[in-house]
Amino acid sequence: QVQPVESGGGLVQVGGSLRLSCAASGRTSSNQAMGWFRQATGQEREFVATVFWIGGQTIYSDSVKGRFTISRDKNKNTMTLQMNKLEPEDTAVYFCAVGFGVNRARAQEAYSYWGQGTQVTVSS
């Protein structure tokens, strides 16, 4: 069993920065991936970014590429999402997800464990 816990959300102005963190307790494995998804009010949950434990490969959605950076700390089993140049469209609840043997990193179904989410609000 894995329990991801997010932290670091909040309110920021347009163009500002926030850092989200996710700590995953329980099972760990070299073939795990940890990712971020987000869900704005009235919209479906969408993929943001993922990092793979083996090799540290990262994948980003087009909407955040160049602005967000995902990274991992294998020793602590934690992940961070550095969000820069935030836009009102980034306003959403951000969820941390953990999966093992992830093949389709952008698909929610690839992840078995989810955090409760943390709110990010970007004001204009």
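For reference, positions follow the sequence shown, starting with 1.
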Taking a hydrophobic cluster as the set of Ile, Leu, Val, Met, Phe, Trp and Tyr residues connected by side-chain heavy atoms closer than 4.5 Å, whether directly or through intermediates, do [X] and [Y] fall within one such cluster?
{"X": "V122", "Y": "Y94", "value": "yes"}
{"X": "V120", "Y": "L11", "value": "no"}
{"X": "F47", "Y": "F52", "value": "yes"}
{"X": "V51", "Y": "W114", "value": "no"}
{"X": "I59", "Y": "W53", "value": "no"}

Other residues, nucleotides, ligands: >12 heavy atoms within 6.0 Å of Q116 CD: no
What distance do [X] atom [atom1] and [Y] atom [atom2] have between them, rounded to the nearest 0.5 Å?
{"X": "F100", "Y": "T28", "atom1": "CZ", "atom2": "OG1", "value": "7.0 Å"}
{"X": "M34", "Y": "T80", "atom1": "CE", "atom2": "OG1", "value": "10.0 Å"}
{"X": "S17", "Y": "K85", "atom1": "OG", "atom2": "NZ", "value": "9.5 Å"}
{"X": "L81", "Y": "S21", "atom1": "CG", "atom2": "OG", "value": "9.0 Å"}
{"X": "Q57", "Y": "I70", "atom1": "CD", "atom2": "CD1", "value": "11.5 Å"}
{"X": "F95", "Y": "W36", "atom1": "CZ", "atom2": "CH2", "value": "10.5 Å"}

Reference residue N77; test side chain to side chain donor-acceptor pair (under 3.5 Å); the match among R72, Q32, R27: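 Result for side chain to side chain donor-acceptor pair (under 3.5 Å) with N77: Q32.
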Donor-acceptor under 3.5 Å (E6 side chain, G117 main chain):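 Yes; judged by distance alone, with no hydrogens or angles, the pair exists.
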Check: F68 main-chain N/O paired with Q82 side-chain donor or acceptor under 3.5 Å: no
Do you know which two heavy atoms are closest between [X] and [Y], and how far apart they sit?
{"X": "G16", "Y": "V12", "value": "CA-CG2, 3.8 Å"}
{"X": "V2", "Y": "A24", "value": "CG1-CB, 4.0 Å"}
{"X": "P4", "Y": "V98", "value": "CG-CG2, 3.8 Å"}
{"X": "C96", "Y": "M79", "value": "SG-CE, 3.6 Å"}
{"X": "G8", "Y": "L18", "value": "O-CD2, 4.0 Å"}

Side chain to side chain donor-acceptor pair (under 3.5 Å) evaluation trace for T69 with Y60: CA-CA 9 Å; T69 302; Y60 296 92; 4.6 Å; no
Any side-chain heavy-atom pair of L20 and T118 under 4.5 Å: yes
Student check: side-chain heavy atoms of Q3 and V5 closer than 4.5 Å: yes
Q119 vs T121, side chain to side chain donor-acceptor pair (under 3.5 Å): CA-CA, chis, key distance, verdict: CA-CA 6 Å; Q119 177 71 45; T121 303; 3.3 Å; yes
Where at least one partner belongs to residues 95-105, residue pairs that pass salt bridge (Lys or Arg N to Asp or Glu O under 4.0 Å), sequence neighbours excluded: R104-E109
Residue pairs passing the salt bridge (Lys or Arg N to Asp or Glu O under 4.0 Å) test where at least one lies in residues 39-49, sequence neighbours excluded: R38-E46
Y111 and F37 aromatic ring geometry - parallel, tilted or perpendicular at 30°/60° bounds: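 Answer is perpendicular, since the angle exceeds 60°.
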